[in-house]
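Okay, structure first, notes after.
Because only heavy atoms are used, hydrogens play no part in the values below, and waters and symmetry mates are left out as well, while side chains stay in.
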Amino acid sequence: MPAAADRTEHRDFLNRYYGVSRHFYDLTRRYYLFGREGVIEKLLSEEWSKLIEVGVGTGRNLDLLHKGRPSAQYAALDACDEMLGHARKRLPWLSAIHGFAEDADMTEPFGGERPDRVLFSYCLSMVAEPVAALQNAQASLAPGGKVVVVDFCDLEGLPGPAAKGLRKWLEWFHVEPIRAELLEGQGADVRFGPMRYFIVGELPALD
């Protein structure tokens with residue numbers, strides 16, 4: 001697991017950055033966080049009753065899911081205090097906890113019951129140890145559940161200068177694009193967005 005000092009530093013970075021950007025986050029992210037709508041639509045076409053989003057941000061995704069399935073139970077996990085506060089105000093029905101994806105108890109918000117779905121939406125690429133985060137999420141699932149990931153991919157389909165510039169910009173925000181091999185190594189079925197800009201992965205529960 002990441003050292004306590006590393007976690008404190010990352011938490012401070014998140015709070016500094018999102019303490020300001022949370023006010024206009026949703027307005028700007030719609031132009032480059034692609035693939036989220038498709039993931040939400042697919043989730044709403046499936047059978048489940050408990051879902052937790054890791055890296056809830058402003059709560060935008062859970063808001064849409066709740067509108068589509070208000071009878072379900074929703075929870076959120078985030079390492080950023082500023083975003084958690086924002087999400088709690090936006091979604092008063094939400095059970096939200098602070099923690100890190102690698103070792104947080106994802107059953108806690110449900111009173112110890114296991115979720116059917118764990119959602120990582122443009123979050124896994126900012127996690128220090130993504131494999132540990134995925135394994136923790138998979139181990140938290142109810143039987144037959146799954147982890148759903150949508151995030152930046154390797155950008156291999158973009159023209160060279162564009163891909164280089166975007167990678168540099170993502171690096172500045174502590175974002176590491178997700179490789180297909182990372183998800184496939186955990187048993188994921190994956191599909192790619194245009195030009196491999198984003199990747200979607202679905203991972204089964206651990207036995």
Side-chain angles (χ1 to χ4, degrees), residues 1-23 25-26 29 33 36 39-40 43 48-143 145-151 174-175 186 203 205-206:
M1 294 299 108
D6 294 335
R7 288 189 166 187
T8 298
E9 181 181 348
H10 189 58
R11 186 175 184 175
D12 289 345
F13 164 77
L14 293 173
N15 285 328
R16 285 195 309 273
Y17 177 67
Y18 290 114
V20 175
S21 68
R22 62 189 171 90
H23 299 291
Y25 183 93
D26 288 340
R29 266 52 180 187
L33 298 189
R36 297 181 298 172
V39 164
I40 290 171
L43 281 169
W48 50 267
S49 62
K50 296 181 181 68
L51 180 148
I52 181 169
E53 181 172 13
V54 181
V56 65
T58 64
R60 176 256 190 199
N61 295 329
L62 292 186
D63 191 17
L64 293 174
L65 286 164
H66 182 261
K67 288 174 179 175
R69 187 170 298 174
S71 61
Q73 297 180 51
Y74 297 93
L77 169 71
D78 209 299
C80 177
D81 307 275
E82 293 286 348
M83 281 302 208
L84 275 179
H86 187 95
R88 287 184 178 122
K89 289 180 180 178
R90 178 176 184 173
L91 309 174
W93 40 263
L94 180 65
S95 177
I97 60 172
H98 180 275
F100 292 85
E102 293 91 341
D103 57 6
D105 182 356
M106 298 186 191
T107 70
E108 178 186 339
F110 301 109
E113 295 186 7
R114 296 178 179 274
D116 307 300
R117 297 290 185 272
V118 180
L119 173 62
F120 289 83
S121 176
Y122 285 92
C123 164
L124 191 64
S125 56
M126 296 186 73
V127 170
E129 296 187 54
V131 171
L134 290 173
Q135 291 175 343
N136 184 38
Q138 289 176 281
S140 301
L141 286 168
K146 64 181 177 182
V147 178
V148 180
V149 177
V150 57
D151 215 315
H174 300 195
V175 173
Q186 302 306 308
L203 297 80
L206 294 180

List the atom of P115, the atom of S140, and the distance in Å for their closest heavy-atom pair. CD-O, 3.3 Å
In terms of heavy-atom contacts, L43 and L65 come closest through CB-CD2, 4.1 Å
Can you find a pair of side-chain heavy atoms, one from Y122 and one from V175, that are under 4.5 Å apart? no
Within the side chain of R36, is there an N or O that forms a donor-acceptor pair under 3.5 Å with the backbone of D151? no
Between L91 and Y74, does a side-chain contact (heavy atoms from CB on, under 4.5 Å) hold up when you go through it step by step? CA-CA 10 Å; L91 309 174; Y74 297 93; over 6 Å; no
Minimal non-hydrogen separation, E53 against L62, with atom names: OE1-CG, 3.5 Å
Side-chain contact, heavy-atom cut-off 4.5 Å: K50 with E113? yes
Of all heavy-atom pairs linking N136 and E102, the shortest is CB-O, 3.5 Å
Donor-acceptor pair, distance only, cut-off 3.5 Å: does the side chain of R88 make one with the backbone of A96? yes
Working for side-chain contact (heavy atoms from CB on, under 4.5 Å), residues L134 and Q186: CA-CA 8 Å; L134 290 173; Q186 302 306 308; 4.0 Å; yes
Would a 4.5 Å heavy-atom cut-off, applied to side chains only, mark V149 and V147 as touching? yes
Measure the CD1-CZ distance between I40 and R69 for me, rounded to the nearest 0.5 Å. 12.5 Å
Does V148 reach the side chain of V39, with side-chain heavy atoms less than 4.5 Å apart? yes
Classify the ring geometry of H66 against W93: parallel below 30°, tilted from 30° to 60°, perpendicular beyond 60°. parallel
Find the distance between CH2 (W48) and CG (L51) and round it off to the nearest 0.5 Å. 4.5 Å
Value for CG (L84) from NZ (K89), rounded to nearest 0.5 Å, stands at 12.5 Å
Can I52 and L77 be said to form a side-chain contact (heavy atoms from CB on, under 4.5 Å), step by step? CA-CA 7 Å; I52 181 169; L77 169 71; 4.3 Å; yes
Can you name the nearest heavy-atom pair linking A205 to A142, along with the distance? CB-O, 3.9 Å
Does G85 offer a backbone N or O that forms a donor-acceptor pair with the side chain of R90 under 3.5 Å? no
Is any side-chain heavy atom of L141 less than 4.5 Å from a side-chain heavy atom of M106? no
Grab the two heavy atoms, one from D78 and one from M83, that are nearest each other, plus how far apart they are. OD2-CB, 4.1 Å
Is any side-chain heavy atom of L203 less than 4.5 Å from a side-chain heavy atom of K146? no
